[in-house]
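Step one of this worksheet: look at the structure below.
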Amino acid sequence: MTKEELAKILGTTRQNLSKWEKERPDLVRLINQGLALDESIEETKRHLERLEQIKKDASNGKFKLK
């Protein structure tokens with residue numbers, strides 16, 4: 001699967017995937033783990049959305065990430 005194909009499935013852009021590789025390796029690791037475990041893309045997408053919500057909550061002062 002190409003980066004562009006994966007981006008389309010995840011509802012993002014190829015550029016965002018490249019940015020994640022540099023700035024958010026946790027997201028890339030999660031995607032790779034999901035694919036390695038033959039996890040469905042939809043489940044991986046839900047994990048990504050949850051990580052984004054945690055980041056948003058942390059930036060709004062709801063809790064702190066270490």
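In what follows, every heavy atom counts, from backbone to side chain, and hydrogens, waters and symmetry copies are set aside. For clarity, every value in this text was computed on a predicted model and none was experimentally measured.
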Are Arg50 and Ile54 packed together at the side-chain level, in the sense that at least one heavy-atom pair is separated by less than 4.5 angstrom? yes
Under 4.5 Å between any side-chain heavy atoms of Arg24 and Lys55, yes or no? yes
Pairs where residues 1-12 contributes a residue and the test salt bridge (charged side-chain N to carboxylate O under 4.0 Å, His left out) is met, not counting sequence neighbours: Lys3-Glu21
Separation of Leu48 CG from Trp20 CH2 (nearest 0.5 Å): 5.5 Å
Say you draw a straight line from CD of Gln53 to CG of Leu51; how long is it, rounded to the nearest 0.5 Å?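 The distance works out to 11.0 Å.
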Once side-chain hydrogen bond (donor to acceptor under 3.5 Å, both in side chains) is applied, do any residues pair with Glu23, and if so which ones, sequence neighbours excluded?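 Counting only residues at least two positions away or on another chain, Glu23 forms no side-chain hydrogen bond (donor to acceptor under 3.5 Å, both in side chains).
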What pairs with Thr13 under side-chain contact (heavy atoms from CB on, under 4.5 Å), at least two apart in sequence or on another chain? Gln15, Asn16
Under the side-chain contact (heavy atoms from CB on, under 4.5 Å) rule, collect the residues that match up with Lys22, sequence neighbours excluded.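 Lys22 satisfies side-chain contact (heavy atoms from CB on, under 4.5 Å) with no other residue.
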